[in-house]
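Input: a single structure, listed below in structure tokens.
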Amino acid sequence: MSEITKVVLDAMGGDNAPKEMVKGAVEAVSKEAGLKVILVGREEEITSELSSYNYKKEQIEVVNATEVIETAEPPVNAIRRKKDSSIVVGMKMVKKGEADAFVSAGSSGAILVGGQTIVGRLKGVERPPLAPLIPTEKGVSLLIDCGANVDARPSHLIQFAKMGSIYMEHIVGIKNPKVAIVNIGAEEEKGNALVKETFPLLKETKGINFTGSIEAREIPHGQADVIVCEAFTGNVILKLTEGLASTLVGKIKEGMMSTLRSKIGALLVKPALKATLKEFDASEYGGAPLLGLNGLVVKTHGSAKAKEVSNTLIQCVTFKNQKINEKIKECIQTDVISAE
């Protein structure tokens, strides 16, 4: 029997807290026997929500935290001042080894700052990247970085490529994943200064399957498994992808309901369309891990509902069982020794 994975869930983070956080926790433990969820936040509110469900009491615990870090708060000041916030209390549990992972739909800035200052980086990791799985025509790709490091250096992107490759191979199950760097053309000489400097270094990097540049229009087709970029570019790609997907789904539904004939047609295609749309539903793939820390920290969408929360919690179990942190640590520290 595998060891229990303890995951701290920020019950107060996100637009739908604590209701959807609690519901997601209950759904997750009902599916995964090897999971224990520690709900951190205002105990009275959490307990009230939990009273609506039947669940194995040993799989869900509540830890009180009286403060909440709001999205609009300056993250550094919030982490320093609100010591009894759900984010700070939860991350300290990971730091102390009382939990294996921390999950939150709350303030992105506070999660990124807390991840680095409280949980801390693995030795040798220069910058921890935020890395969500995004749906593509061929399955999923890892977009790394999408929000943590706006001003990255070539050495950072090299580490992103290595950590992303480890994640895709051991979490998603893609052997020898294809790595590409986001560019404005396929030619090696194209791109800004960062891309031009990083490209030849990626070509020379051992242990990754670097395939060259990838243009944004090729990302949805799944032309690469690990998509490397700095956070500014990655965040634009992520938000545009999510916005476009939402708009297209809305327009399709609107068109199908426009006439009696289209409504009849909608009934006929509904099963196939539902299955297809499910493949492109980002909530199916859980949250975005902040890779390269001394413990796992995962950011989910601020609008996350129970399904995404549940999938993210179960994702943490896989992360631990596959020993992703150990593999990243070994890879990075081998590079440090080689450089010395």
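Each residue takes its place number in the sequence, starting with 1.
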Hey, is K251 close enough to E254 for a salt bridge, meaning N to O under 4.0 Å? yes

Of all heavy-atom pairs linking A304 and M21, the shortest is O-CE, 3.7 Å

Is it the case that atom NZ in K206 sees more than 12 heavy atoms from other parts of the structure closer than 6.0 Å? no

Please enumerate all residues that pass side-chain hydrogen bond (donor to acceptor under 3.5 Å, both in side chains) together with S141, with sequence neighbours excluded. none

Go through it in stages, so that I can follow the logic: the residues are C229 and N183, the test is side-chain contact (heavy atoms from CB on, under 4.5 Å), and I'd like the CA-CA distance, side-chain angles, deciding distance and then a yes or no. CA-CA 9 Å; C229 55; N183 205 344; over 6 Å; no

Using the rule that two of Ile, Leu, Val, Met, Phe, Trp, Tyr join whenever any of their side-chain heavy atoms come within less than 4.5 Å, decide whether I181 and I166 are in one cluster. yes

Spacing of I324 atom CD1 and K327 atom NZ [to the nearest 0.5 Å]: 5.5 Å

Considering only heavy atoms from C-beta outward, does the side chain of K299 approach that of L290 to under 4.5 Å? no

Please answer: with hydrophobic residues joined when any side-chain heavy atoms are less than 4.5 Å apart, are L122 and L296 in the same cluster? yes

Partners meeting side-chain hydrogen bond (donor to acceptor under 3.5 Å, both in side chains) with N176 (sequence neighbours left out): none

Looking only at heavy atoms, the pair that brings A161 and V179 closest together is CB-CG1, 3.9 Å

So, do Q223 and K138 sit near enough that their side-chain heavy atoms are less than 4.5 Å apart? yes

I'd like to check the side-chain hydrogen bond (donor to acceptor under 3.5 Å, both in side chains) partners of K56; sequence neighbours left out, ordered by chain and number. none

Are L201 and F160 co-members of a hydrophobic cluster defined by side-chain heavy atoms under 4.5 Å apart? yes

About how many Å separate CD1 of I264 and OG1 of T259, when rounded to the nearest 0.5 Å? 8.5 Å

Are any non-hydrogen side-chain atoms of V62 and L50 less than 4.5 angstrom apart? yes

Go through the steps to decide whether D100 and V7 satisfy the test side-chain contact (heavy atoms from CB on, under 4.5 Å), and finish with yes or no. CA-CA 6 Å; D100 301 296; V7 182; 5.7 Å; no

Is it true that V182 and V226 fall in one hydrophobic cluster, defined by side-chain heavy atoms closer than 4.5 Å? no

What closest approach, in Å, do I38 and K6 show between heavy atoms, and which atom pair accounts for it? CD1-CB, 4.5 Å

Could you work out, with side-chain contact (heavy atoms from CB on, under 4.5 Å) as the rule, every residue matching D15, not counting sequence neighbours? S303

Hey, is CD on E44 packed in by over 12 heavy atoms from elsewhere, all under 6.0 Å? no

Do T136 and P220 come close enough that some side-chain heavy atom pair is under 4.5 Å? no

Using side-chain contact (heavy atoms from CB on, under 4.5 Å), reason through L157 and L202 one step at a time and then give a plain yes or no. CA-CA 9 Å; L157 298 191; L202 284 169; 5.7 Å; no

Distance-only polar pair, side chains of H301 and E242, donor-acceptor under 3.5 Å: yes

Roughly how far, to the nearest 0.5 Å, is the CG atom of D145 from the CG atom of L112? 8.5 Å

Do you know the tightest heavy-atom contact between V298 and C316? CG2-SG, 4.1 Å

Closer than 3.5 angstrom, by distance alone: can the side chain of E49 be matched with the main-chain N or O of P18 as a donor-acceptor pair? no

Value rounded to 0.5 Å, distance of CE in M256 from CZ in R261: 15.0 Å

Are I171 and L291 connected in a single hydrophobic cluster, I mean Ile/Leu/Val/Met/Phe/Trp/Tyr linked by side-chain heavy atoms less than 4.5 Å apart? yes

State whether the side chain of S246 and the backbone N or O of G243 hold a donor-acceptor pair below 3.5 Å, judged by distance alone. no

Taking atom NZ of K178 as the centre, report whether more than 12 heavy atoms of other residues, nucleotides or ligands fall under 6.0 Å from it. yes

From D225 CG over to I174 CD1, what is the distance, rounded to the nearest 0.5 angstrom? 4.0 Å

Do R153 and E126 pass the salt bridge (charged side-chain N to carboxylate O under 4.0 Å, His left out) test, and can you show the C-alpha distance, the side-chain angles, and the key distance before you say yes or no? CA-CA 10 Å; R153 298 197 298 266; E126 296 182 39; 3.6 Å; yes

Please lay out, stage by stage, how M12 and E45 fare under the test side-chain contact (heavy atoms from CB on, under 4.5 Å). CA-CA 9 Å; M12 312 312 295; E45 293 181 42; 3.6 Å; yes

What residue pairs, at least two apart or across chains, pass ring pair (Phe, Tyr, Trp, His ring centres under 6.0 Å) with a residue in residues 210-260? F199-F210

Is the shortest heavy-atom distance from the side chain of Y167 to the side chain of I144 under 4.5 Å? no

Report yes if some heavy atom in the side chain of I208 is under 4.5 Å from a heavy atom in the side chain of T205; otherwise report no. yes

Show the atom names and distances, to 0.1 Å, of all donor-acceptor pairs under 3.5 Å that link a side chain in residues 70-97 to residues at least two apart or in another chain.
residue	atom	partner	partner atom	Å
E73	OE1	R81	NH2	3.4
E73	OE1	K82	NZ	3.3
E73	OE2	E70	N	2.6
E73	OE2	K82	NZ	2.8
K82	NZ	V68	O	2.7
K83	NZ	R80	O	3.2
D84	OD2	T66	N	2.9
D84	OD2	T66	OG1	2.5
S85	OG	K82	O	2.9
S85	OG	V88	N	3.3
S86	OG	D10	OD1	2.6

Look only at the side chain of Q315 and the backbone of A288, and say whether a donor-acceptor pair between them is shorter than 3.5 Å. no

Measure across P128 and A148 and return the closest heavy-atom pair with its distance rounded to 0.1 Å. O-CB, 3.4 Å

Taking every heavy atom of N294 against every heavy atom of N325, the minimum-distance pair comes out as C-ND2, 3.7 Å

Sub-4.5 Å side-chain heavy-atom contact between M257 and S262: no

Is any side-chain N of the basic residue among E61 and K36 closer than 4.0 Å to the acidic one's carboxylate O? yes

Under a 3.5 Å distance rule, please check whether T198 uses its side chain to pair with a backbone N or O of V195 as donor and acceptor. no

Starting at CG of L9, measure out to OG1 of T312 and round the result to the nearest 0.5 Å. 9.0 Å

Within the 4.5 Å heavy-atom criterion, are V172 and V140 side-chain neighbours or not? yes

Do the charged groups of K196 and E188 touch, with an N to O distance under 4.0 Å? no

Side-chain donor-acceptor contact under 3.5 Å, T233 with E230: yes

Quick check: are there more than 12 heavy atoms from other residues, nucleotides or ligands sitting under 6.0 Å from NZ of K329? no

Any donor-acceptor N/O pair, S310 side chain to A306 backbone, under 3.5 Å: no

